[in-house]
Amino acid sequence: MDIHEYQAKEILANFGVEVPSGALAYSPEQAAYRARELGGEKWIVKAQVHAGGRGKAGGVKLCDTENEIYEACDDMFGRNLVTHQTGPEGKGIYRVYVESTVQIGREIYLGFVMDRSSQRVMIVASSEGGMEIEEISAERPESIVRSIVEPAVGLQDFQAREIAFELGLEAGLVPHMVRTLQGCYAAFSDLDATMVEINPLVVTGDQRVVALDAKMSFDDNALFRHPQIAELRDKSQEDARESRAADRGLSYVGLDGNIGCIVNGAGLAMATMDTIKLAGGEPANFLDIGGGASPERVAKAFRLVLSDKNVQAILVNIFAGINRCDWVAEGVVQALRELEIDLPVVVRLAGTNVEEGQKILAKSGLPIIRATTLMEAAERAVGAWQNDLTQATRMRAVK
C-alpha cells in the first residue's frame with residue numbers, strides 16, 4: 001500500500017526525521033490560506049498523487065504570492081497528472097500540500113528497501129540527490145552507497161556514521177544524518193514498510209538535514225497490525241479494479257490485454273499469463289482466487305474480470321489441491337447464469353474432484369469450452385477471441 005507525501009512526512013517526523021513546515025489543502029482558496037498560516041515569502045505547492053516525476057509533469061510549483069498559489073492550485077485540482085510512473089491515464093489531483101521553502105546547500109538520495117537476495121533491509125544512498133534512482137544508477141553508479149542492516153541488531157550508529165562519511169558530509173552534519181537514518185530505519189521496521197525513500201534529502205544553508213520529499217510503501221499483509229496506517233489508504237489513487245478486488249479478498253493486477261484470467265495460486269497465474277502470450281494472446285489481468293474457492297468466490301472473480309471492458313474472452317485455470325474442482329465448476333455455472341456472459345469462456349480443471357467438476361460443466365448446457373491442459377486452454381481462449389473478432393469484423397462489413 002502506498003501513501004501520500006504529506007502522510008509519509010508526518011510519520012517520519014514522529015520518528016525524528018526533520019521535514020519542512022507544511023499544510024494540506026483541498027481547494028485553491030484553502031491552499032492560499034495555508035500559505036498565510038505558514039508565513040514566509042515563498043512556498044512550494046505539490047500535487048498529492050501516488051507517483052514520482054511530479055515536478056516534470058507540472059505537479060510541483062514554486063510560488064511567490066498567495067495569488068500564484070491560487071492560480072497554481074486552480075490549474076491542478078480536478079485534472080489527471082500524467083508522469084512516467086502513472087501511464088497515459090494519469091492520477092487525479094484532489095489535494096495539494098503547501099510547504100515552506102528551505103535554502104538548499106546540497107541534495108542527497110536516500111532509500112530503504114527490502115533486498116531479496118540478502119533477505120535484509122538495504123540502505124541505498126547517493127550524493128546525487130534530486131534524480132530518480134534509475135537515472136543515478138545509469139549516469140553516476142559510482143556515487144551509490146549500499147549498506148545491509150543486520151536484523152538481529154538493527155541499524156547501529158557506527159554504520160549510520162559510515163554512510164554519512166561515504167556521502168561526503170562534513171563532521172558537523174554527521175549527527176544530523178545519523179538521526180535521520182535511524183529515524184527512517186525505525187519507521188521502516190516498526191511499521192512493516194517495504195520502502196522508505198527521501199529524494200531529495202537536503203543539507204540546508206543553516207546546516208540542517210531536511211527531507212524535502214518522502215515516499216513510503218507498506219506490506220498489505222501486515223496492515224492488520226497497524227490500523228493507523230491502513231486508514232491512510234487513498235482508493236482514488238488506486239486502479240479501481242485492484243481496489244475492488246482487495247476489498248473482496250482477491251489478488252488482482254490489471255494489465256492491458258484482452259484475455260481475462262481466473263486462476264488459483266500466484267505461480268499458476270503467472271504460468272497462465274505466459275502461456276497465453278505463447279499462444280499469441282495478451283492477458284488482461286493477474287487474478288489469484290486463492291485456496292478454498294467457494295462458488296460464490298468464483299462468481300465474484302467473474303464479476304471482477306468482467307468489469308474490465310477490454311476483456312474479450314475468459315480463461316479459468318484451476319489446479320485443485322485445497323480447492324475442489326466441483327466447487328469451481330459450480331461457481332463457473334452460477335456466474336454464467338447470473339451474469340449472462342456473452343464472451344467465450346474456457347475452463348481447464350485438474351486435481352481434486354476433477355471428474356465431478358467436468359460433469360457439472362457438461363450437464364449445465366452452457367457454451368463452456370473445456371480443456372485438459374494449460375496449453376490447450378490458452379490456445380482455445382486465444383482462438384475463441386480471434387474467432388469472435390473475425391465474426392464482428394464481418395458483421396461490420398455487411399452493415
Side-chain angles (χ1 to χ4, degrees), residues 3-79 81 83 91 93-110 127-132 169-170 172-173 175-177 179-181 183-184 187 196-216 232 234:
I3 61 175
H4 288 293
E5 172 196 358
Y6 75 92
Q7 295 167 329
K9 283 182 172 177
E10 183 177 352
I11 291 171
L12 293 177
N14 290 334
F15 282 88
V17 178
E18 187 170 354
V19 300
S21 300
L24 192 66
Y26 293 92
S27 68
E29 294 85 357
Q30 190 178 25
Y33 179 74
R34 293 300 192 196
R36 199 176 312 129
E37 286 183 322
L38 291 170
E41 299 178 350
K42 292 180 182 291
W43 303 269
I44 300 288
V45 177
K46 300 180 177 181
Q48 295 301 287
V49 296
H50 290 174
R54 292 173 299 168
K56 296 178 182 178
V60 178
K61 299 286 187 181
L62 175 63
C63 302
D64 295 323
T65 66
E66 292 180 21
N67 186 59
E68 287 185 15
I69 291 175
Y70 182 94
E71 291 178 354
C73 293
D74 191 49
D75 179 61
M76 289 183 191
F77 276 109
R79 75 179 178 92
L81 187 71
T83 78
K91 291 188 179 291
I93 303 174
Y94 305 108
R95 63 189 85 179
V96 300
Y97 193 54
V98 183
E99 198 168 63
S100 300
T101 59
V102 298
Q103 185 181 2
I104 299 174
R106 60 172 295 193
E107 298 182 347
I108 296 168
Y109 173 90
L110 179 62
S127 56
E128 303 293 325
M131 301 167 59
E132 298 293 334
L169 292 177
E170 298 175 5
L173 290 168
H176 297 273
M177 189 63 181
R179 183 170 63 249
T180 299
L181 289 165
C184 289
V196 174
E197 183 183 67
I198 300 176
N199 187 27
L201 177 71
V202 302
V203 176
T204 66
D206 55 354
Q207 297 297 286
R208 294 179 295 131
V209 176
V210 180
L212 281 200
D213 193 8
K215 296 184 182 71
M216 292 188 73
L232 303 180
D234 182 359

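Keep in mind that this is a model prediction, so the values were computed, not measured. Starting from 1, each residue takes its place in the sequence as its number.
Among His50, Lys215, Gln48, the one residue that satisfies the side chain to side chain donor-acceptor pair (under 3.5 Å) test with Glu5 is Gln48.
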Go through Ile108 and Val209 one step at a time and tell me if the side-chain contact (heavy atoms from CB on, under 4.5 Å) criterion holds.
CA-CA 10 Å; Ile108 296 168; Val209 176; over 6 Å; no
Could you check Thr180 against Glu18 for side-chain contact (heavy atoms from CB on, under 4.5 Å), going step by step and ending with a plain yes or no?
CA-CA 7 Å; Thr180 299; Glu18 187 170 354; over 6 Å; no
Derivation and outcome, side-chain contact (heavy atoms from CB on, under 4.5 Å), residues Tyr97 and Lys9:
CA-CA 11 Å; Tyr97 193 54; Lys9 283 182 172 177; 4.3 Å; yes
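Nearest heavy-atom pair across Val45 and Cys63 is CG2-SG, 4.0 Å. Contact detail for Gln7 and Leu232: the closest heavy-atom pair is NE2-O, 3.4 Å. Pairing each heavy atom of Gly58 with each of Leu81, the nearest pair is C-CD1, 4.3 Å. For the pair Ser100 and Pro20, the tightest heavy-atom approach, listed with the atom from each and the gap, is O-CB, 3.9 Å. A pairwise comparison of heavy atoms in Tyr26 and Phe77 identifies C-CZ, 3.4 Å as the closest pair. When all heavy atoms of Lys91 and Val49 are compared, the closest pair comes out as O-CG1, 4.0 Å.
The backbone N or O of Ile93 sits nowhere less than 3.5 Å from a side-chain atom of Arg79 that would complete a donor-acceptor pair.
Take His176 and apply the ring pair (Phe, Tyr, Trp, His ring centres under 6.0 Å) test, not counting sequence neighbours, and it matches no residue. Among residues two or more places apart in sequence or in another chain, the side chain to side chain contact (heavy atoms under 4.5 Å, CB included) test is passed with Val60 by Ile44, Lys46, Arg54.
Asp206 and Thr204 are linked by a side-chain donor-acceptor pair at a separation below 3.5 angstrom, with hydrogens and angles left out of the test. No side-chain N or O of Glu10 forms a donor-acceptor pair with one of Asn14 less than 3.5 Å apart.
Within a 6.0 Å radius of CD in Glu41, no more than 12 heavy atoms belonging to other residues, nucleotides or ligands are found.
A distance of 3.5 Å separates OH of Tyr109 from CD of Glu197, quoted to the nearest 0.5 Å.
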